[in-house]
Amino acid sequence: QVQLVESGGGLVQAGGSMRLSCAASGHTFSSYTMGWFRQAPGKEREFVATISWSGSTTYYADSVKGRFTISRDNAKNTVYLQMNSLKPEDTAVYSCAATQKPTYRSRSAYSYDYWGQGTQVTVSS
């Protein structure tokens, strides 16, 4: 069992930065691949980034590559999403998720077993 709680969302201007946090708890948290997804109104949930819990492997959606960075702090049981050079099209509800699948198989929402409630990110122009 893994419980996930996101925080750090809010309003930000285009070109700005924001860091989301996902606090995790559970007996097997350290063995889980973690991911970030987002969903904008009228659109399907899309993959953003994923990271192995060791931090050795990461993958990013093409739309955020070079702008977003996923990381983790194992001591704090927390995964982060640093978002730079934000664009209005980044506006969405961002959710973190956990799976025992490896990162290369964890770019689909269907691969994830546990989800946080999501945090709203709004990028204004």
Exercise. Begin with the C-alpha distance, continue with both residues' side-chain angles, and end with the deciding distance and a verdict on side-chain hydrogen bond (donor to acceptor under 3.5 Å, both in side chains) for S25 and Q3.
Key: CA-CA 5 Å; S25 62; Q3 294 79 47; 3.1 Å; yes
Nearest non-hydrogen partners of [X] and [Y], listed with the distance:
X   : Y   : answer
T78 : S21 : CG2-CB, 4.2 Å
L4  : A97 : CD1-CA, 3.6 Å
R72 : S54 : NH2-O, 2.6 Å
A49 : Y60 : CB-CD2, 3.6 Å

Can you confirm whether [X] sits close enough to [Y] that some side-chain heavy atom of one is under 4.5 Å from a side-chain heavy atom of the other?
X    : Y   : answer
D90  : R67 : yes
R38  : S95 : no
T122 : V12 : no
F68  : S85 : no
I51  : V79 : yes
Y94  : M83 : yes
Q117 : V5  : yes

How long is the straight-line distance from [atom2] of [Y] back to [atom1] of [X], given to the nearest 0.5 Å?
X    : Y    : atom1 : atom2 : answer
R19  : N84  : CZ    : CG    : 11.0 Å
M18  : Q13  : CE    : CD    : 11.0 Å
Y110 : R45  : OH    : CZ    : 10.0 Å
L86  : S125 : CG    : OG    : 13.0 Å

If two hydrophobic side chains count as joined below 4.5 Å and joins carry through other members, does [X] share a cluster with [Y]?
X   : Y    : answer
V2  : L81  : yes
F47 : V64  : no
I70 : V121 : yes

Quiz prompt | Linked hydrophobic residues, Y80 as query - side chain contacts closer than 4.5 Å | solution =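 Noted: Y80 shares its cluster with no other residue.
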Practice problem: Test W36 against T50 for side-chain contact (heavy atoms from CB on, under 4.5 Å), laying out the working first. | Solution: CA-CA 6 Å; W36 285 98; T50 187; over 6 Å; no
Quiz item: Quick check: are there more than 12 heavy atoms from other residues, nucleotides or ligands sitting under 6.0 Å from CD of E89?
Solution: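 Yes, because the 6.0 Å sphere around CD of E89 holds more than 12 heavy atoms from other groups.
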Practice problem: Could you tell me whether the side chain of E6 and the main chain of C96 form a donor-acceptor pair under 3.5 Å? | Solution: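 Yes; at least one donor-acceptor contact below 3.5 Å.
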Quiz prompt | Side chain T103, main chain T58, donor-acceptor under 3.5 Å | solution =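 Checking the backbone N and O of T58 against the side chain of T103, no donor-acceptor pair under 3.5 Å is found.
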Quiz item: Do Q120 and T91 pass the side-chain contact (heavy atoms from CB on, under 4.5 Å) test, and can you show the C-alpha distance, the side-chain angles, and the key distance before you say yes or no?
Solution: CA-CA 8 Å; Q120 176 71 47; T91 295; 3.9 Å; yes
Quiz prompt | Y32 and S106: CA distance, side-chain angles, deciding distance, side-chain hydrogen bond (donor to acceptor under 3.5 Å, both in side chains) verdict | solution = CA-CA 11 Å; Y32 277 70; S106 302; over 6 Å; no
Exercise. Examine W115 together with F37 and report whether their ring centres are nearer than 6.0 Å.
Key: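 Yes, ring centres under 6.0 Å apart.
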Quiz item: Checking side chain to side chain contact (heavy atoms under 4.5 Å, CB included) against M34, which of Y114, Y112, W53 comes through?
Solution: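 Output: one option passes, namely W53.
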Quiz item: With the threshold set at 4.0 Å, does a side-chain nitrogen-carboxylate oxygen contact exist between D113 and K101?
Solution: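 No, no charged N to carboxylate O under 4.0 Å.
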Quiz item: Distance only, no hydrogens: is a donor on one side chain within 3.5 Å (strictly under) of an acceptor on the other, for Y59 and S52?
Solution: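 There is no such pair between these side chains.
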